[in-house]
Amino acid sequence: MRKNRAEILVAAARQLAETAGVLKFTAPVAYVYNPLDYAWPAHETYLRKFGNSRKRVLFLGMNPGPFGMAQTGIPFGEVAAVRDWLGIHATVGKPPREHPKRPVQGFACPRSEVSGARLWGLFGNRFVTAGQFFAAHFVVNYCPLAFLSATGANVTPDKLPTRPAAELFAACDEHLRQVVATLAPEWIVGVGDFARRRAEAAAGATPVKLGQILHPSPASPAANRDWAGQATRQLEGLKVW
């Protein structure tokens, strides 16, 4: 019997978690968190709950944030948004090595991830219910791993040493191609420049259209000036919305 779309996504995510999870990284990376491992129950629930239909738009993030997916296992997974809007709550374990300044507290994490609150807040305001949003949209991260320096600072994938980055990106490219083949989106919208460039590298040979919106991170001064309005105008300009 043919697998449904969610089952294919689950298998692809498991493979990505295993492949990426054995890679070794050097400075500036001192700690690596793999939420597709220790937060797998939440991520699997997300894929099965929302990933079993064709999507018109695939939003592509970069990698887990320390107070988002690193805590909940969900892309841009700010705790309140995941619990209250997506309706997902699960037990979350711990990474093998944990930075004392960046503990994984799961759904008990008291800090809000601004990027996740902004992104899911935009979708919630426009579509009201998660079901309405996921009828034609899906959100996935390009890279499943979160990276921390010795001080606990977040290290983004574009700052990784060349050799381990190449190995990691090869696995992430293959996973993204599987997601695209499974969900058959018309659009991939990179949340930020890095995600758009990786989408172009991985899926550029397919007929999918590529777009980009401003990343909602508060580290970007532009994102702190009506990010939701800017992102909406960008999506409307692309004719995605």
Side-chain angles (χ1 to χ4, degrees), residues 4-18 20-21 31-53 55 58-99 101-146 148 154 175 179 182-183 191 216-218 228:
N4 63 35
R5 285 184 170 90
E7 288 174 335
I8 296 172
L9 293 181
V10 166
R14 282 191 181 278
Q15 181 60 57
L16 179 61
E18 293 174 8
Y31 294 80
V32 180
Y33 290 11
N34 184 357
L36 294 191
D37 178 18
Y38 63 81
W40 175 253
H43 191 76
E44 182 179 12
T45 298
Y46 171 73
L47 297 179
R48 293 193 183 279
K49 185 174 184 178
F50 298 118
N52 197 28
S53 63
K55 310 298 182 184
L58 179 67
F59 286 97
L60 183 68
M62 181 164 53
N63 75 314
F67 307 110
M69 187 172 177
Q71 302 293 334
T72 64
I74 309 299
F76 290 92
E78 194 255 354
V79 170
V82 172
R83 182 192 61 223
D84 301 334
W85 199 62
L86 299 183
I88 295 174
H89 191 282
T91 300
V92 175
K94 293 274 192 179
R97 291 182 65 246
E98 194 175 42
H99 195 288
K101 292 182 179 179
R102 294 291 182 264
V104 172
Q105 299 169 286
F107 285 80
C109 178
R111 292 190 59 167
S112 172
E113 184 182 70
V114 175
S115 294
R118 286 175 173 173
L119 188 78
W120 291 114
L122 168 64
F123 299 154
N125 287 335
R126 187 176 184 92
F127 293 94
V128 184
T129 70
Q132 291 173 345
F133 170 76
F134 284 104
H137 305 77
F138 199 67
V139 182
V140 67
N141 270 337
Y142 173 73
C143 170
L145 305 178
L148 299 174
N154 189 46
H175 175 258
V179 172
T182 302
L183 298 180
V191 184
S217 171

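Remember, predicted model here, so these are calculated numbers, not experimental data.
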Worksheet item: Are the side chain of N141 and the backbone of C143 linked by a donor-acceptor contact shorter than 3.5 Å?
Response: no
Item to complete: Looking only at non-hydrogen atoms, find the nearest pair between H175 and A12 and report the distance.
Response: CD2-O, 3.5 Å
Worksheet item: Under the 3.5 angstrom rule, does the side chain of D37 hit a backbone N or O of A17 as a donor-acceptor pair?
Response: no
Worksheet item: Can you find a pair of side-chain heavy atoms, one from I88 and one from F50, that are under 4.5 Å apart?
Response: yes
Worksheet item: Counting only N and O atoms by type, is there a donor-acceptor contact under 3.5 Å from the side chain of W120 to the main-chain atoms of F76?
Response: yes
Item to complete: Determine the minimum heavy-atom distance between P95 and V104, stating which atoms define it.
Response: CD-CG2, 3.6 Å
Worksheet item: Is E44 reaching over with its side chain to a backbone N or O of P41, donor-acceptor style, under 3.5 angstrom?
Response: no
Between side-chain atoms of residues 59-74 and protein atoms elsewhere (two or more places apart, or another chain), which donor-acceptor pairs fall under 3.5 Å?
from, atom 1, to, atom 2, distance (Å)
N63, ND2, L145, O, 2.9
Q71, OE1, Q105, N, 2.7
Q71, OE1, G106, N, 3.1
Q71, NE2, P66, O, 3.0
Q71, NE2, P103, O, 3.1
T72, OG1, G68, O, 3.3
T72, OG1, I74, N, 3.4
T72, OG1, G77, O, 2.9

Item to complete: Give the minimum heavy-atom separation between P75 and Y46, together with the two atoms involved.
Response: CD-CE2, 3.9 Å
Worksheet item: For the atom pair CG (L36) and CD (Q15), what is the distance rounded to the nearest 0.5 Å?
Response: 12.0 Å
Check residues 122-131 and write down every donor-acceptor pair under 3.5 Å in which the side-chain atom is one partner and the other belongs to a residue at least two apart or another chain.
from, atom 1, to, atom 2, distance (Å)
N125, ND2, G121, O, 3.2
T129, OG1, Q132, N, 3.1

Practice prompt. Determine the minimum heavy-atom distance between P144 and P35, stating which atoms define it.
Written response: O-CD, 3.3 Å
Fill in: Exam field: side chain R5 to backbone T182, donor-acceptor pair closer than 3.5 Å
yes
Worksheet item: Are any of the side-chain nitrogens in K94 or E98 under 4.0 Å away from the carboxylate oxygens of its partner?
Response: yes
Fill in: Parallel, tilted or perpendicular, as decided by the 30° and 60° cut-offs, for the rings of F134 and W85
tilted
Worksheet item: Are the side chain of R118 and the backbone of P216 linked by a donor-acceptor contact shorter than 3.5 Å?
Response: yes
Worksheet, complete the sentence: Between A90 and F107, the two heavy atoms sitting closest are O-CD1, 3.3 Å
Fill in: Evaluation steps, side-chain contact (heavy atoms from CB on, under 4.5 Å), between Y33 and H99
CA-CA 10 Å; Y33 290 11; H99 195 288; 3.8 Å; yes
Practice prompt. Measure across F138 and L47 and return the closest heavy-atom pair with its distance rounded to 0.1 Å.
Written response: CZ-CD2, 3.8 Å
Item to complete: Output yes when a side-chain donor or acceptor of K55 lies under 3.5 Å from a complementary backbone atom of V139, and no otherwise.
Response: no
Worksheet, complete the sentence: Interatomic distance, CZ@R102 vs CG@N154, rounded to 0.5 Å, equals 8.0 Å
Discussion item. Is there a side-chain contact between I8 and V179 in this structure, where contact means two heavy atoms from C-beta onward sitting under 4.5 Å apart?
Written reply: no
